[in-house]
Amino acid sequence: MEYTLNCNGRLLDLCEPQVMGILNVTPDSFYAGSRQQTKQAVAERAAQIVGEGGSIIDIGACSTRPGSQPATEQEEMERLRMALRVVRLTLPDAILSVDTFRPDVARMAVEEFGVDMVNDVGLSAADGGQRPVDMFRMVSRLRVPYIYMSRRATVKAVLIDCAEAVDMLRSMGQKDIVVDPGFGFGKTMDENFAILNGLERMQMLRLPVLVGVSRKRMVWQTLGCSPDEALNGTTVLNTMALQRGASILRVHDVRQAAECISMVQMLNRRQEAETV
């Protein structure tokens, strides 16, 4: 399906899948290689993401890894202000996403730094929380693309959860919505793989799908290795996700993901040519 996102007046074309590169301004993200805490490190990582083929830089300042102690809202804002100031100075035209579950943090990032989209991994009804209605209202007011992540544990439940969230968002005037099945959030290992195997069913929502499996437990635990050694497994799962309709890959390793997209696109073009 053909999708575009309106990023502060610029259209991001998702007809070809895009790479979202991860830039964490945190001391405790699960993958040590993703942590950038100095201005120089932030600038270098942002330049690396763009240079290796990433079209979106996803900046997070509050770890959501299992067992982590979330940063306070003030800490999250301070870290983000530092990082966003650096990236806007060095790469003023980059498309930026803020990875947060706090509405006021999203507002700060958009209003102060012109961040282009909000990537939300907040609570959902699946794990006893409520839908992030305050965040829904905020992004609808900010008028930026919004990534909704589901913590439900089956394809069917994810579809229902996302459909209900999208209905609520549309009623508030939200235009551009991306859905994320939430690999690694509220799911067992088997449930993660079952959702990936049935990912093409997400196309029923007629919305772009973001997949984030990069170096996660479902990769390294399956392979009996560490997150540092999980690049090859990540690439395999990214390939499967692309073949099942993913529009955005959220990754630590941008060049490898971009190459993965190129290979899958070449195969798709060949298959299309043979059917003509």
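What you are looking at is a predicted structure, and each value in this text was computed from that prediction instead of being measured.
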Below 4.0 angstrom, N of the basic side chain to O of the carboxylate: do [X] and [Y] qualify?
X    : Y    : result
R170 : D167 : no
D120 : R151 : no
E111 : R141 : yes
D93  : R10  : no

Quick one: list whatever passes ring pair (Phe, Tyr, Trp, His ring centres under 6.0 Å) with F183, sequence neighbours left out.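 For F183 there are no ring pair (Phe, Tyr, Trp, His ring centres under 6.0 Å) partners, ignoring immediate neighbours.
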Residues that E44 engages under side chain to side chain contact (heavy atoms under 4.5 Å, CB included), provided they are two or more places apart: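 Here the qualifying residues are Q40.
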Set of side chain to side chain contact (heavy atoms under 4.5 Å, CB included) partners for Q203, sequence neighbours left out: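 Checked Q203 against side chain to side chain contact (heavy atoms under 4.5 Å, CB included); matches are M1, Y3, V209.
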When you look at N6 and K175, which way does the side-chain contact (heavy atoms from CB on, under 4.5 Å) test go after all the steps? CA-CA 9 Å; N6 186 343; K175 302 297 184 184; over 6 Å; no
May I ask you to decide if [Y]'s main-chain N or O and [X]'s side chain share a donor-acceptor pair within less than 3.5 Å?
X    : Y    : result
Q265 : S262 : no
R250 : V19  : no
Q174 : D176 : yes

Could you walk me through whether S55 and Q18 pass the side-chain hydrogen bond (donor to acceptor under 3.5 Å, both in side chains) test, one step at a time? CA-CA 6 Å; S55 54; Q18 301 295 308; 2.8 Å; yes
Does the side chain of Q74 reach to within under 4.5 Å of the side chain of E78, using non-hydrogen atoms?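 A side-chain contact under 4.5 Å exists here.
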